[in-house]
Amino acid sequence: MASDSPVAIQEDDPTKATTALLSFNTDSSSSKSPRKLTTTIVFISLVLLSCIALSAAVAFAFLFFSAPKTTIHSSSFYSRPLKKLNHPVVLLISSDGFRFGYQYKTSLPNINRLIANGTEAELGLIPVFPTLTFPNHYSIVTGLYPPYHGIINNHFVDPHTGESFTMKSHEPKWWLGEPLWETPLWETVVNHGLKAATYFWPGSEVNKGSWTCPKGYCRNYNESVPFEERVEIVLEYFDLPSDEIPVFITLYFEDPDHQGHQVGPDDPEITEAVKRIDGLIGRLIEGLEKRGVFQDVSVILLGDHGMVGTCDKKLFFLDDLAPWIEIPSDWVQSYTPLLAIRPKGVDPKDVVAKMNAGLESGKVENGKHLRVYLKEDLPSRLHYAASDRIPPIIGLLEEGFKVEQKRTEKKECGGAHGYDNDFFSMRTIFIAHGPQFARGRKIPSFENVQIYNLVTTILNIKGAPNNGSLSFPSSVLLASP
């Protein structure tokens, strides 16, 4: 309504607009006609305004076309054609525990090269909950949240059989989950008659469906294999005839997670570990360039989770809850940072009520930093309820705190992960370089369940149903020409 008022006024009295432009008293005597003088002044004013506008336009155009571009160039709206390879190839690299922000600790010329000439999640990649290695690595290659791909923790117990899952469990029954249509990327690729190769990725050793962990294209995990050797083996795939080069390749490094657990995220050891990862990326880029395929390969560098510092003052002891309820150690399937309890012969709801009563009493050391839930009452954004493998009681700790059964004299400081994925410290990196990724582009943070559809879109193959969005790839990838 307000925008209509001036128009109405001008229509009622068309002279008011002109009179308002006058800078002197129109009632003063003059030999010139007031109307003529007014017209002259209006004309001069309009000429001056036109000149100013034209000058501004010229200046803006000069600045626009002469300034260096930091966003997508107009020529980069479309994906770039392959120069040597005759099919797309995705190289998925995981640097375990590479917390978002590590890339700013020191000069990382090779990683920064990927960032400058590729696409980066500006505020990091969001892991799934719990922010642990095995659940997240399998979510990345399946597009599923842990309750659906079945790997709900690094260690857990099957409530029906009593059997325990460990990070060495390669039986297919653990990796099927619910529903049964879950398919990791290497199996998806093989199902399309294409080749995949994996170098140490959780779940890749599992013979499931059409994937048999073929010799020469899949290796049993051995942490003693030097990182440099892993890079060289991956590069050898690109010495094969173009039709035989795997279209999907994984590469895994344990660092800087190893150092993060020992010294926390802020120690100089982390800086050195990150520098080593950068050197490995440089070695990889150099090898791809020598083979003339670097610009053809979609290199995706990411991590599985972040890291936060922990210390002896940030401890919570379950035995301190004894005045309200005793929590026997055989009830506890995971202590920290994810507290998971399966009570025996007791209603879980009563256990949660009594535990929270103690935590909220103000009489339990660090009690305010732990909140206990029935799993179905957890925040829905965690997607951590739809599996019998998840114990009925889950405790969420504040950032940096740890749970232990009983008090000890042990004093230690280090690092941990596994906390709520809403904590910024749990974020990791996403950096992608290749013909379908815009150069120098920043994108918003996203959950790693989106990676699966991103890869299948690059490879132009149909993926299995998953928790990712089918529209997500179009928001990240360049359009086909």
Side-chain angles (χ1 to χ4, degrees), residues 97 99-100 121 123-157 159 165 177-179 182 202 302-308 316 332-343 348-349 351-353 355-356 359 368-403 416-428 430 444-453 465-469 472:
R99 172 176 166 169
F100 178 78
L123 294 178
L125 180 67
I126 303 171
V128 296
F129 179 81
T131 51
L132 298 168
T133 296
F134 267 52
N136 273 276
H137 274 95
Y138 214 51
S139 285
I140 290 168
V141 295
T142 62
L144 296 169
Y145 292 112
Y148 301 105
H149 63 53
I151 310 304
I152 54 99
N153 203 321
N154 286 343
H155 305 272
F156 59 90
V157 177
F165 172 87
E178 294 291 343
E182 164 269 316
L302 47 69
D304 52 347
H305 53 71
M307 184 71 67
V308 68
F316 172 84
V332 184
Q333 296 192 358
S334 173
Y335 280 98
T336 194
L338 174 68
L339 178 62
I341 299 174
R342 191 180 295 278
K349 186 180 296 185
V351 175
V352 168
M355 288 184 71
N356 281 328
L359 295 172
K368 64 180 180 180
H369 300 294
L370 171 65
R371 178 66 182 173
V372 182
Y373 297 83
L374 291 171
K375 67 179 180 181
E376 58 267 27
D377 294 333
L378 284 167
S380 59
R381 61 179 174 78
L382 296 178
H383 304 281
Y384 201 65
S387 172
D388 289 342
R389 293 177 175 179
I390 301 173
I393 299 173
I394 299 295
L396 299 183
L397 281 161
E398 286 293 336
E399 193 174 23
F401 283 82
K402 297 173 68 175
V403 171
H417 53 88
Y419 299 91
D420 189 336
N421 63 349
D422 200 39
F423 293 145
F424 203 84
S425 60
M426 293 298 102
R427 290 193 184 186
T428 182
F430 173 87
S445 297
F446 61 92
E447 280 191 310
N448 63 21
V449 292
Q450 305 291 357
I451 301 291
Y452 180 92
N453 288 338
N466 61 83
N467 296 127
S469 167
F472 176 78

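All residue numbers refer to positions in the sequence shown, counting from 1.
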Nearest heavy-atom pair of [X] and [Y]: which atoms, and what distance?
X      : Y      : result
Ala385 : Ile390 : N-CD1, 3.8 Å
Pro146 : Ser139 : CD-OG, 3.7 Å
Tyr148 : Ala386 : OH-CB, 3.8 Å
Lys375 : Ser387 : NZ-O, 2.8 Å

Interatomic spacing from [atom1] in [X] to [atom2] in [Y] - rounded to 0.5 Å:
X      : Y      : atom1 : atom2 : result
Ile151 : His137 : CD1   : NE2   : 13.5 Å
His383 : Leu144 : NE2   : CG    : 12.0 Å
His305 : Met426 : NE2   : CE    : 8.5 Å
Tyr138 : Thr142 : OH    : OG1   : 6.5 Å
Asn448 : Asn421 : CG    : CG    : 9.0 Å
Thr428 : Leu302 : OG1   : CG    : 7.0 Å

Counting N and O atoms only, with roles assigned by atom type, does the side chain of [X] sit under 3.5 Å from a partner on the main chain of [Y], one being a donor and the other an acceptor?
X      : Y      : answer
Arg427 : Leu123 : yes
Ser445 : Leu125 : no
Asn467 : Tyr145 : yes
Tyr384 : Ile152 : yes
Glu447 : Val128 : no
Thr131 : Tyr419 : yes

> Per the side chain to side chain contact (heavy atoms under 4.5 Å, CB included) rule, which among Leu339, Leu378, Val372 passes with Leu396?
Replying inline: Leu378
> Do Asp304 and Thr133 have side-chain atoms, one donor and one acceptor, less than 3.5 Å apart?
Replying inline: yes
> Judged by modelled atom types alone, do His155 and Ser334 share a side-chain donor-acceptor pair under 3.5 Å?
Replying inline: no
pair [X]-[Y]: side-chain heavy atoms closer than 4.5 Å:
X      : Y      : result
Arg371 : Leu359 : no
Leu397 : His369 : no
Arg342 : Pro392 : yes
Arg99  : Ser425 : yes
Phe423 : Val308 : no
Pro135 : Asn154 : yes
Asn453 : Phe472 : no

>> Tell me whether Asp420 is salt-bridged to Arg381, with the criterion being a basic N under 4.0 Å from an acidic carboxylate O.
In response: yes
Is the [X] ring parallel, tilted or perpendicular to the [Y] ring (thresholds 30°, 60°)?
X      : Y      : result
Phe424 : Phe100 : perpendicular
Phe165 : Phe156 : parallel
Phe430 : Phe446 : perpendicular

